[in-house]
2 protein chains.
Amino acid sequence: MTATLQRLSFILFSASYVAAIWPLPASLSSGSSALILSTDFDVILPDNAPRDLADAVGRTKQFLSSDALGRLVPDRGASDKDAIGSAPALGSLVLTVTGDLKSIAEVATAELGSRDEAYTLTVPDDGSDATLSANSSLGLLRGLSTFEQLWYTNEAGIYTVEAPFDIEDGPVYPYRGFMLDTARNYFPVDDIKRTLDAMSWVKMTTFHWHVVDSQSFPLQIPGFLELSEAGAYTAEMVYTPENVADIVAYANARGIDVMVEWDTPGHTSVISKSHPEHVACPEASPWASYAAEPPSGQLRIASAETTNFTTSVVTALSGMFNSKYLSLGGDEINAKCYTDDAETQASLNGTGKDFATALSEFTNATHNTLRASGKTPVVWQEMVLDYNVTTVEKDALILVWISSEDAISVVEQGYKIIHAASDYFYLDCGLGGWVGDNVEGNSWCDPFKTWQKSYSFDPVANMTSEQAELVLGGQHLIWTEQTSPANLDSSVWPRAASSAEVFWSGPGGNVTSALPRLHDLAYRFNQRGVAAIALQPIWCALRPYACDLTA
Amino acid sequence: MTATLQRLSFILFSASYVAAIWPLPASLSSGSSALILSTDFDVILPDNAPRDLADAVGRTKQFLSSDALGRLVPDRGASDKDAIGSAPALGSLVLTVTGDLKSIAEVATAELGSRDEAYTLTVPDDGSDATLSANSSLGLLRGLSTFEQLWYTNEAGIYTVEAPFDIEDGPVYPYRGFMLDTARNYFPVDDIKRTLDAMSWVKMTTFHWHVVDSQSFPLQIPGFLELSEAGAYTAEMVYTPENVADIVAYANARGIDVMVEWDTPGHTSVISKSHPEHVACPEASPWASYAAEPPSGQLRIASAETTNFTTSVVTALSGMFNSKYLSLGGDEINAKCYTDDAETQASLNGTGKDFATALSEFTNATHNTLRASGKTPVVWQEMVLDYNVTTVEKDALILVWISSEDAISVVEQGYKIIHAASDYFYLDCGLGGWVGDNVEGNSWCDPFKTWQKSYSFDPVANMTSEQAELVLGGQHLIWTEQTSPANLDSSVWPRAASSAEVFWSGPGGNVTSALPRLHDLAYRFNQRGVAAIALQPIWCALRPYACDLTA
């Protein structure tokens, strides 16, 4: 198993140095030679390189010169000056691709499981050309991200003291994601782009964009502009179709697929502002009887008109995104909301259907509409575990969120899963309750999920090998009741990097040996303008293992 | 009691509007009239106004024009346009001072209890002059901070819809502080200045600067530059004497006294890098046997040379700060560090003294040196509760930190206290352990301290009225093992504003009615460049009480 080999190779080297690559490559060997980047260092593109690969190389060259990261040792690398003074200079990194030279975007948006991300990177210690080869431009992008992490800067130049490098790498799981909720609090496009940059640096593949919810509807959907006109917090707090196209292109060029979510039929209160006819129990009181959080409101699943409206929006929404995946939600449907809704009860009584049948038919309609747009449905776990819905097909991806222990029940039914469990991956837990008039309130998912916790996650716990094949990967998530642009970066980074490594490198990593690498990553993020938090005092960050519990 | 009156006046008004003043004034009445700021609005200074008061007025005028804060209602105040279109315009705020016109800095650095911060502010609703009067320039500064919080901005101008205002105000406690640790992680001067700005907006009086610790010594002390040369993380991560003078002047001009701390005799490992002769158990292993956190190291309290060195540094340090208060620490002294230190044991054996006697003498020497420099010693609670030290005089201020329940034991001994208890005021709790090799580690002071928790603090719990007189106030604190410039603002604000109100307005505030005001404060902080976090979804922030647990 690749993951085991990789751990072994890392442990062999970890005593003597920190190869600060994150996520850890499947196979890595390195040395102890100094090597500097030539002042005229260049990256040689393959012939007919697609534009987004050329752009990626441009970013790599920019980072090499602008990262200006001092090595995480007490003197920040100042004393490396002597060692590198006489070191060979690396003049070129030569890229070669062995497969069809499609764009990064094309590969990154292909079906999960069909995206070739593997690469081979060699950096000799004698100054002869470094080489990066892959079967796809996406593989080259992953290799470039690794190459960028090899270098430090001091007064004498840009250098490593760990040459030569030989790396064979590729991911264990294809889905490595991050979910951002832009409905509870709004995030400007630049915040999203900065997040996409950071995601790409740790080789993530999917931006799960929980774009709207009961609180606000910032997304402008062509043909349904009334939703955002009535539902965005302000006229400025919107994502226009141009913004969406820009975000999708930005993500794709960085190897990231944008999986948008329209959470239905719950979490749709805000739709009542433009379409009161489609929403049961809008802003009902007390909210706690009608929804998990205020305001309440759910699409009238038993109404033919509401079903038609919903499928029309799904079609329009699908047209805005090029991903093969789109989430239609399905979590936290409140029964009382429908029980107390006269229109829903009349519809059910008129047809003799029960709630499960109505929800099954609604789901069948929206999912089939999605498939007609060429997309695969994604749903939260309740849709296959809780509501007796009969119409979730096996092509769907199931997001396991309530507890990691629920994953087994989903794969037992033969569904594909994405790990997104609150007990490992919710970045918003443990910071106290946000509901008002509740002085001793805690977050529902206490305690705070540390990077160590998510790093210790086992994606295939208790599964047979057949069930394990159904695991596509996983992600960190942030629900933004208490998160705004003020604390987006610091809430997410570097914690979310821990799942990026679990699902790239495979489980079984050791938090003790990972910490120095994660420090390095967090420091590099800061050099690049992403405000990752400090995991320890600087004293500890500069002295691997000195602040271990047992040191 | 002022605090009771104030709560009553607030409750009477809270049903109909949000007077978003933070901290809540002792007495406040307001109306429902619209009033705009004239385009040539000006603030009229008293004759012979000191420079720092004129500067404060300049900042107020700048904030009035640059805050550009929309009211926290669903339309952000757009529909106020009609109401304010025909509203009277306020042309002037006239400042008058009835006492000696000393500078803000002079009043802000006077002895605690002698700083007059009271002010009276009236804003008529007919456009006639607003007036702000006080006995001191510091009182005027406090009133200006309040005045700034009355105004919102929409397309039609800068306005309020709650005129007239009549405010009589002054603090319940004189010490309202915030502690920043700049030793675990370093913070550039600009971060400190931005923090001082924010502190002044909520009328805090003391910046408790935990400037050095075992991990690093960023402070350049004239005559002892070797301490920072050997002990700063990098040559750039220092506070020069010029930086200190700049910070102190900046703070004082904003009504804030800078109480620096040199934590002794523990928490001094870093001194061993330049003065190994003065430090017992430097960087000993395992660290957990010798210190609360790595690296270990304590001043040799039984050594006459070390005592002399320490008092010399105290004198030099005192000369850098104009505050009448300076903390010499005294927490977490590790007994084994001295037991295992041959030099300390030889000193004790040679003189026949025990640990408590040696520590008492050391303390007496350093405290008397401090007094000779015109300063009052401040110490952590162990110095009067745990070590049998006989030489802490009753002039000292005692920082209660381990538990709020320890306050009573300190006042029972007749000492003055500053509330700084971890169970209410530590901003770094609840985010997981930072020590390495510790996958399930929690922070020692779990759980996370919400603003609601600190807001519910009672400074005089279980005290007699005589004991209550010994309470000078309190503060939030942040220890920066996991805090860096990346998350300083978001870790501190708006949470620390809750203690600012408790100690200005008095205890007994109601979290439910406070929340809309705290939202307003956090939004205004963001407009001013301080990244306070969102406490709730925007939907809730714009709808007071709609997200209460019982709504």
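Below, all heavy atoms of this structure are taken into account, side chains as well, without hydrogens, waters or symmetry copies. Each chain gets a letter, A, B and so on, in the order its sequence line appears, and its residues count up from 1. This one's a predicted model, so the numbers in the text were calculated from it and none came from an experiment.
- When each of A:I538, A:V530, A:L515, A:V270 is scored by its heavy-atom pairs under 4.5 Å with chain B, the top score falls to A:I538.
- Taking the ring-ring contact (aromatic ring centres under 6.0 Å, His included) definition, one finds that B:Y239 meets it with B:Y186, B:W209, sequence neighbours left out.
- With a 4.5 Å cut-off on non-hydrogen atoms, A:P447 does not touch chain B at all.
- Heavy-atom pairs under 4.5 Å with chain A peak, among B:N487, B:D75, B:N185, B:D446, at B:N185.
- In terms of heavy-atom pairs under 4.5 angstrom with chain B, the leader among A:A541, A:A534, A:S490 is A:A534.
- No other option in A:D181, A:V435, A:N442 has as many heavy-atom pairs under 4.5 Å with chain B as A:V435.
- Between B:G430 and A:F448, the shortest heavy-atom distance links the atoms O-CB, 3.3 Å.
- Closest of all the heavy-atom pairs between B:S285 and A:A551 is OG-C, 3.8 Å.
- Side-chain contact check for B:R76 versus A:T234: some heavy-atom pair is nearer than 4.5 Å.
- Within the structure, the side-chain hydrogen bond (donor to acceptor under 3.5 Å, both in side chains) test picks out the following pairs touching residues 528-539 of chain B (sequence neighbours left out): B:D67-B:R528, B:E148-B:R528, B:H519-B:Q536.
- Proximity to chain B is limited to the backbone of A:A546, based on heavy atoms less than 4.5 angstrom apart.
- Looking at A:A532, the atoms closer than 4.5 Å to chain B (heavy atoms on both sides) all sit in the backbone: N, CA, C or O.
- By the salt bridge (charged side-chain N to carboxylate O under 4.0 Å, His left out) test, B:D191 is found to be paired with B:R194, residues two or more places apart in sequence or in another chain being considered.
- Residue contact with chain B, scored on non-hydrogen atoms closer than 4.5 Å, involves the side chain of A:N526 exclusively.
- In this structure, A:Y233 and B:P74 have side chains that are not in contact, with every pair of non-hydrogen atoms separated by 4.5 Å or more.
- Among the candidates A:D437, A:T512, A:L542, A:I533, the residue making the largest number of heavy-atom pairs closer than 4.5 Å to chain B is A:D437.
- A:R184 CZ to B:C540 SG: the interatomic distance, rounded to the nearest 0.5 Å, is 9.5 Å.
- Here the closest heavy-atom approach between residue A:V511 and residue B:N438 is recorded as CG2-N, 4.4 Å.
- Looking at B:S216, there are no atoms closer than 4.5 Å to chain A (heavy atoms on both sides), in backbone or side chain.
- Using a 4.5 Å heavy-atom threshold, the side chains of A:W479 and B:P537 count as separate.
- Contacts from residues 287-297 of chain A to chain B, taken as heavy-atom pairs separated by less than 4.5 Å, involve A:W287, A:P294, A:P295 in sequence order.
- When heavy atoms are compared at a cutoff of 4.5 Å, A:L431 approaches chain B by way of both its backbone and its side chain.
- Minimum heavy-atom separation, A:S456 to B:V439: CB-CG2, 4.2 Å.
- Shown here for B:A486 and A:A531, the closest heavy-atom pair between the two residues is CB-O, 3.5 Å.
- Of the listed residues (B:E283, B:Q452, B:E481), the one with the most heavy-atom contacts under 4.5 Å to chain A is B:E481.
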